[in-house]
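This one's a predicted model, so the numbers in the text were calculated from it and none came from an experiment.
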Amino acid sequence: MTRKKRAAVPPSLLTVDGQQPIEVKQGMVMRTAIQENGLEIHKGMKAKMSSCGGAGQCASCWVEVLEGIENLSEPTAAEERMRKARPESWRMACQSTLKGPVSVEVKSLEKPA
């Protein structure tokens, strides 16, 4: 009996605020990917102070998905509860896992225009 080798899963590319794309593992939580690469997800002192650590409770990690929304996991119940009047293109980084290339703009505690 021989085992079939698993196909290598290519990394996802994540572009944050128009910067150079970063390679991240598929299935990684967007918030984690952003922070582990030295980028800022909580803009402003209020957002930093209200951060829940990724539990989906503070709504301080909003991003606007510019490209690749189909490459994110489905919105969670926590995200839907916190969405309020935000557009469908806005996602909570702590509630979104990456499945392919995505480009986002960090919004933190901003309200939609």
Engineer: Please lay out, stage by stage, how Gln35 and Arg31 fare under the test side-chain hydrogen bond (donor to acceptor under 3.5 Å, both in side chains).
Structural biologist: CA-CA 6 Å; Gln35 290 181 320; Arg31 177 186 184 275; 3.1 Å; yes
Engineer: Check Glu79 with Arg81, please: is the shortest side-chain N to carboxylate O separation under 4.0 Å?
Structural biologist: no
Engineer: Would you find more than 12 non-hydrogen atoms of other residues, nucleotides or ligands less than 6.0 Å from Glu70 atom CD?
Structural biologist: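 More than 12 within 6.0 Å, yes.
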Engineer: Which heavy atom of Met82 sits nearest to which heavy atom of Ala59, and what is that distance?
Structural biologist: CE-CB, 3.7 Å
Engineer: Hey, does Val102 have a side-chain heavy atom less than 4.5 Å from the side chain of Leu72?
Structural biologist: yes
Engineer: Quick check: closest heavy atoms across Met30 and Val104, and the distance to 0.1 Å?
Structural biologist: SD-CG1, 3.9 Å
Engineer: Please report the closest heavy-atom contact between Ala33 and Val24, naming both atoms and the distance.
Structural biologist: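 What the structure gives for the nearest pair is CB-CG1, 3.6 Å.
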Engineer: Indicate the atoms forming the closest heavy-atom contact of Gly100 with Ser12, along with that distance.
Structural biologist: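 For Gly100 versus Ser12, the nearest heavy atoms are N-OG, 3.3 Å.
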Engineer: Considering all heavy atoms of both residues, which atom of Cys58 and which atom of Cys52 are nearest to each other, and what is their separation?
Structural biologist: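 That would be SG-N, 3.4 Å.
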Engineer: Might you work through the side-chain contact (heavy atoms from CB on, under 4.5 Å) test for Arg86 and Lys107, ending with a clear yes or no?
Structural biologist: CA-CA 11 Å; Arg86 291 180 177 91; Lys107 297 295 186 179; over 6 Å; no
Engineer: Can you check whether Arg91's main-chain N or O pairs, donor with acceptor, with Ser96's side chain at less than 3.5 Å?
Structural biologist: no
Engineer: What I'd like to find out is whether the side chain of Arg83 reaches to under 4.5 Å of the side chain of Pro75, using heavy atoms alone.
Structural biologist: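 Side-chain contact under 4.5 Å: yes.
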Engineer: Between Asn37 and Ile22, is there a donor-acceptor pair closer than 3.5 Å when you use the side chain of the first and the backbone of the second?
Structural biologist: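 Absent.
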Engineer: Restricting to non-hydrogen atoms, name the atom on His42 and the atom on Ser60 that form the minimum distance, rounded to 0.1 Å.
Structural biologist: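 The answer is CD2-OG, 3.0 Å.
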Engineer: For Glu80, does the CD atom sit with more than 12 other heavy atoms under 6.0 Å from it, leaving out its own atoms?
Structural biologist: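 Counting neighbours around CD of Glu80, more than 12 heavy atoms of other residues, nucleotides or ligands fall under 6.0 Å, so yes.
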Engineer: Where do Thr15 and Ser103 land on the side-chain hydrogen bond (donor to acceptor under 3.5 Å, both in side chains) test, with the steps shown first?
Structural biologist: CA-CA 4 Å; Thr15 305; Ser103 178; 4.6 Å; no
Engineer: For Lys99, does its backbone N or O pair with a side-chain atom of Asn71 as donor and acceptor, under 3.5 Å?
Structural biologist: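 No, because the side chain of Asn71 does not come within donor-acceptor range (under 3.5 Å) of the backbone of Lys99.
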